[in-house]
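Protein chains get the first letters and strands the later ones, always in sequence-line order, with residue 1 at the start of each.
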Amino acid sequence: MLDPKSIRLELDSTAIKLRKKNFDLDKDKITGLEHHRKTLQLETESLQNERNLKSKAVGKAKAAGEDVSDILSGMDALKSELDQKKQQLEGLQDQMQGYLLRVPNIPSDDVPEGKDESNNKMIDSWGTPRKFEFEAKDHAELGENLKEGLEFSTATKLTGSRFVVMRGGIARMHRALIQFMLDTHSLEHGYTEFNVPYIVNEASLKGTSQLPKFEEDLFKLHHDPSYYLIPTAEVPLTNMVRGKILQPDSLPLKYTAHTPCFRSEAGSYGKDTKGMIRQHQFEKIELVQIVKPENSEEALEELTSHAEIILQKLELPYQKVILCGGDLGFGSAKTYDLEVWLPSQGMYREISSCSSFTDFQARRMQARWRNPNTGKPELVHTINGSGVAVGRALVAIMENYQEKSGHIRIPAVLKKYMPSMDYLE
RNA sequence: GGAGGGGUGGCAGAGCGGUUUAAUGCACUGGUCUUGAAAACCAGCGAGGGUGAAAGUCCUCCGUCGGUUCGAAUCCGACCUCCUCCGCCA
């Protein structure tokens with residue numbers, strides 16, 4: 001959420017900045033609500049003041065053994081007026097809050113202009129796509145042709161579309177990828193490894209800004225109060241600092257976890273229906289950093305490089321793209337996507353997305369640190385990214401490491417997790 | 001599942017209907033003293049919001065939501081959560 005005060009004071013310039021993100025700020029609505037709020041709040045607070053003063057007077061009078069009926073006269077009228085104003089004020093504040101929770105974060109100045117993904121800018125690339133002396137197959141075909149591989153029809157029987165069963169060696173490689181990534185981030189990149197709940201409450205999803213706007217993307221459980229399956233480990237990892245005031249020397253916090261992620265994929269009908277590119281359930285290694293505001297830009301660069309190192313160690317060609325304003329996620333101020341080469345599609349596909357949320361999530365979570373220069377609690381900045389998506393990494397390995405026979409060569413860095421295996425057959 | 005006890009500022013911890021503008025301690029900040037440091041002493045120090053040019057001033061907040069009352073951290077109800085004991089269990 002944006003700072004309500006600065007929206008109020010810089011309404012026009014905020015609206016202009018948000019236009020870069022294809023968002024039209026309803027200035028009239030804000031001005032109107034704000035005007036009413038101001039008068040109502042003044043009236044309400046002065047009534048509260050009056051009530052407080054009278055109540056204190058009653059206390060004093062009673063202590064002195066005096067009659068209090070004079071003070072109490074007119075109290076009923078005051079109370080009912082106060083009740084009414086209070087209710088109106090609450091209604092207004094709820095409306096304002098409800099609207100502000102649906103206003104996206106302001107993009108950074110260095111984010112390129114653009115309407116949609118076609119305006120994203122490639123800023124770096126690594127590796128060279130392999131030349132095949134035969135026609136490269138896609139991962140779904142490769143997986144289904146393995147003796148022990150991907151079973152989409154079994155998963156459809158068990159659940160429905162957009163799920164997969166992995167059997168034998170491929171399940172093992174999936175697990176090896178998880179081990180490899182967690183080991184790299186925790187042992188080499190300085191992240192603390194976590195194991196977290198896969199079910200979270202509403203407050204957590206509000207904190208990282210999946211709610212209230214994107215409820216239809218989530219799987220909601222039958223439970224009172226509401227529980228949801230996590231769409232990403234960003235939610236539990238980031239919300240660990242919700243409501244906290246952190247000591248300056250404890251920052252930056254660097255957290256990582258492997259979790260399944262559950263997404264309803266509402267609105268993606270017809271997209272990537274084949275294979276395991278877009279599933280209702282997939283696994284991901286998540287990287288989260290909680291940093292001082294002054295460090296957030298370099299933290300995003302660092303975190304992105306940590307995801308890149310995974311792809312480099314796996315020897316998968318990729319490119320790094322900066323998202324344009326129109327393609328940026330709701331809470332993100334700046335996002336780098338890492339896109340891995342998929343030979344069957346002849347193109348680069350997203351495998352990691354690394355974003356800086358500046359203070360957008362921190363304000364919703366009230367996650368703060370004590371700034372020694374001011375002595376005051378101030379909002380932290382939050383950064384997160386995938387390091388990287390496991391299912392898509394598996395897809396990329398299958399396609400990039402395939403042999404003419406349909407066997408999949410095992411990448412060197414995974415061998416210690418898959419001893420005595422050279423190929424998936 | 002049963003019984004009991006808790007949730008108060010960064011932390012610890014008092015308060016249990018009206019000088020609470022939440023005691024006190026620790027931590028923190030500034031000062032005195034000291035060659036320097038420690039100790040001691042003095043002073044300051046919760047969060048959010050409104051209003052104001054500022055000084056200031058007002059409102060809200062004691063797990064959450066609701067209720068009683070002129071007045072609630074304090075009383076009542078529900079819920080969340082933590083701890084202890086018993087039972088059950090991977």
**Prompt:** Does the side chain of A:R368 get closer than 4.0 angstrom to OP1 or OP2 of B:rG48 through an N or O atom?
**Reply:** yes

**Message:** Classify A:R8 by what it touches in the nucleic acid, base, sugar-phosphate, or nothing, heavy-atom distance under 4.0 Å.
**Reply:** sugar-phosphate

**Prompt:** Starting at NZ of A:K86 and ending at P of B:rG50, how long is that distance when rounded to a whole Å?
**Reply:** 18 Å

**Message:** Could you identify the nucleotide paired to B:rA43, looking across every strand shown and requiring Watson-Crick or G-U wobble geometry with both distances under 3.5 Å?
**Reply:** B:rU29

**Base-pairing mate for B:rG1 - Watson-Crick or G-U, with both contacts under 3.5 Å** = B:rC86

**Pair A:S153, A:T156: side-chain N/O donor-acceptor within cut-off below 3.5 Å** = no

**Request:** Take atom CH2 of A:W369 and atom P of B:rA47, then tell me their distance rounded to the nearest Å.
**Result:** 15 Å

**Prompt:** Looking across every strand, which nucleic acid part, if any, lies under 4.0 Å from A:K376 by heavy atom: base, sugar-phosphate, or nothing?
**Reply:** sugar-phosphate

**Fill in**
Quick note, A:Q41 side chain, CB onward, closest among B:rG18, B:rG71, B:rG50 is B:rG50

**Item:** G-U wobble or Watson-Crick pairing nucleotide for B:rA37 (cut-off 3.5 Å, both distances)
**Value:** none

**Prompt:** Looking at B:rG18, B:rG10, B:rA47, which one has an atom nearest to any side-chain atom of A:I245?
**Reply:** B:rG10

**Fill in**
Across every strand shown, the nucleotide meeting Watson-Crick or G-U wobble geometry with B:rG52 (both distances under 3.5 Å) is none

**Message:** From C-beta outward on A:K56, which listed nucleotide comes closest to its side chain: B:rA47, B:rU51, B:rU21?
**Reply:** B:rU21

**Message:** Counting only side-chain nitrogens and oxygens, does A:N49 get under 4.0 Å of the OP1 or OP2 atom of B:rC58?
**Reply:** no

**Asked** Of all the nucleotides listed (B:rU51, B:rC59, B:rA47), which has the minimum atom distance to the side chain of A:Q48?
**Response** B:rC59

**Fill in**
Taken to the nearest 0.5 Å, the spacing of A:I290 CD1 from A:L251 CG works out to 8.5 Å

**Message:** By nearest atom, which of the nucleotides B:rC70, B:rG48, B:rC59 is closest to the A:L72 side chain?
**Reply:** B:rC70

**Prompt:** Hey, is the side chain of A:N52 poking within less than 4.0 Å of OP1 or OP2 on B:rG71, counting only N and O atoms?
**Reply:** no

**Message:** Using the side chain to side chain contact (heavy atoms under 4.5 Å, CB included) definition, which of the options A:M181, A:H189, A:E188 pairs with A:H306?
**Reply:** A:H189

**Prompt:** Counting any heavy atom closer than 4.0 Å, what does A:P372 reach on the DNA or RNA strands: base, sugar-phosphate only, or nothing?
**Reply:** nothing

**Request:** Look at all strands and tell whether A:K60 reaches a base, only sugar-phosphate, or nothing, counting heavy atoms closer than 4.0 Å.
**Result:** nothing

**Prompt:** Given B:rU51, B:rA47, B:rC70, which nucleotide is nearest the side-chain atoms of A:P377?
**Reply:** B:rA47

**Prompt:** Among B:rU81, B:rG50, B:rG10, which is the nearest nucleotide to the side chain of A:Y227?
**Reply:** B:rU81

**Request:** Pick out which of A:E339, A:E350, A:E301 makes a salt bridge (Lys or Arg N to Asp or Glu O under 4.0 Å) with A:K320.
**Result:** A:E301

**Asked** Should A:K79 be listed as having a side-chain N or O under 4.0 Å from OP1 or OP2 of B:rG71?
**Response** yes

**Asked** Where the side chain of A:S332 meets the backbone of A:G329, is there a donor-acceptor pair that is under 3.5 Å apart?
**Response** no

**Message:** Side chain of A:Q247 only, heavy atoms from C-beta on: which candidate in B:rG50, B:rC59, B:rG10 is closest?
**Reply:** B:rG10

**Asked** Counting only side-chain N and O atoms of A:R51, is one of them less than 4.0 Å from OP1 or OP2 of B:rA72?
**Response** no

**Request:** Write down the distance separating the P atoms in B:rU81 and B:rG48, rounded off to the nearest Å.
**Result:** 28 Å

